[in-house]
Structures are given as C-alpha cells and as structure tokens.
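As the structure is a prediction and not an experimental result, all values here were calculated from the model.
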Amino acid sequence: MDGRSGSGGVAGSGLAAASDQILVERAVDGDATAFGEIVRRHSSLIRAYVSRIVGSLSEADDVVQDAFITAWKQLPSLRDGSAVRPWLMRTASREAFARLRRRTADVPIEDVPLVQSAHPDPEVRAVRQA
C-alpha cells in the first residue's frame, strides 16, 4: 500500500490542500476532520504565541486546547473563513489572559516583608505572657 489508498489517504491529502475557507465551511457543517486540519495547520503558531504570554509550554498546551474547544463551539460565528488564523489567535489570547488572571500571585519568599515584633526577643515575650 502506498498510504494514499483507502478513505484516510485521499481525504487527508485533500484536506491538507484545502483553503482555510473551505475547512471552516466544512467544520461549521460538523466535519470534525476538517476542524482537525485547522488545528493541525495552526496549532504550532498558536502554541508559540500563547507560550510567550503564559511563560510555559505545558501551560500553553492547556490554553491552546481550551482555545480550540472554544473555537469549535463558536466557529459558526466566524464570518470570514479565510480569516480563521487571526480569529484563532484572538481566541487563544483571550484564553491566555484569562488564565493569567486566574493565577494566584506567587511571591518569592525574599520579597515577603518581615513583620517586626513589638518585643524583639521571643523569650521575653513568652515570660511576660506566662
């Protein structure tokens, strides 16, 4: 077998050559394979972009996955299928900044101010309280 026969080979090569506009139209009609091609085509760019925002590749992977889930759900709202790349970038950046807002503030211990006690010697304080 040459890898091109069967249902996967021809359809896969056809989708790889299809424009973003056609892929979006097919994905809006429920073609998950077409959406998979959109993901394959644009995920590395979006992952690199998001990793610059969130600062880690592992967190970027989570954000990119969330962005593509959001994109799948909202794909019918995309007016111009040929503009899917910038639309995905906006979707991913919104997801990335939402992730940053949800982060807890990690403060290095060196940056935490020391609290000064009214009694510098803890033994004196303990004796007074006894």
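The CG atom of Asp20 lies 10.0 Å from the CG atom of Asp80; values are rounded to the nearest 0.5 Å. The CZ atom of Arg26 sits 7.5 Å away from atom OG1 of Thr33, with the distance rounded to the nearest 0.5 Å. Between the CD1 atom of Ile38 and the CZ atom of Phe68 there is a distance of 8.5 Å, given to the nearest 0.5 Å. Summarising the geometry, atom CD1 belonging to Ile22 is positioned 12.0 Å from atom CG belonging to Asp31; distances are rounded to the nearest 0.5 Å. Atom CD of Glu37 and atom NE2 of His42 lie 8.5 Å apart (nearest 0.5 Å). The CZ atom of Arg52 sits 15.0 Å away from the OG atom of Ser93 when rounded to the nearest 0.5 Å.
No continuous path of hydrophobic side-chain contacts links Val50 to Ile69 [ILVMFWY only; heavy atoms under 4.5 Å]. Under the 4.5 Å side-chain heavy-atom criterion for Ile, Leu, Val, Met, Phe, Trp and Tyr, Ile53 and Leu57 are members of distinct hydrophobic clusters.
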For this session: Report the C-alpha distance between Asp62 and Arg99 in whole Å, list the side-chain angles of each, state the deciding distance to 0.1 Å, and finish with yes or no for side-chain contact (heavy atoms from CB on, under 4.5 Å).
Result: CA-CA 10 Å; Asp62 292 340; Arg99 173 69 60 106; 3.7 Å; yes

Exercise. Given the rule in the side-chain contact (heavy atoms from CB on, under 4.5 Å) test, do Leu75 and Val24 qualify, once you have shown the distances and angles that lead to the verdict?
Worked result: CA-CA 8 Å; Leu75 199 57; Val24 167; 4.3 Å; yes

Problem set entry | Stepwise side-chain contact (heavy atoms from CB on, under 4.5 Å) check, Gln74 with Thr91 | CA-CA 10 Å; Gln74 296 188 5; Thr91 301; 5.8 Å; no

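In this structure, the side chain of Glu95 does not engage the main chain of Val63 through any donor-acceptor pair within 3.5 Å. A donor-acceptor pair is defined here as one N or O able to donate and one able to accept, closer than 3.5 Å; such a pair exists between the side chain of Arg41 and the backbone of Ala16.
Taking each heavy atom of Ala71 and Leu88 in turn, the nearest pair found is CB-CD2, 3.5 Å. Nearest heavy atoms, Met89 versus Tyr49: CE-CG, 3.5 Å. When all heavy atoms of Trp87 and Ser77 are compared, the pair lying nearest together is CZ2-OG, 4.2 Å. Taking both residues in full, the closest heavy atoms of Leu78 and Ala83 are given as CD1-O, 4.4 Å, listed atom of the first, atom of the second, then distance. The two atoms that bring Ala34 and Ala27 nearest to each other are CB-N, 4.0 Å, heavy atoms only.
In this structure the side chain of Arg94 never reaches within 4.5 angstrom of the side chain of Thr70, judged on heavy atoms.
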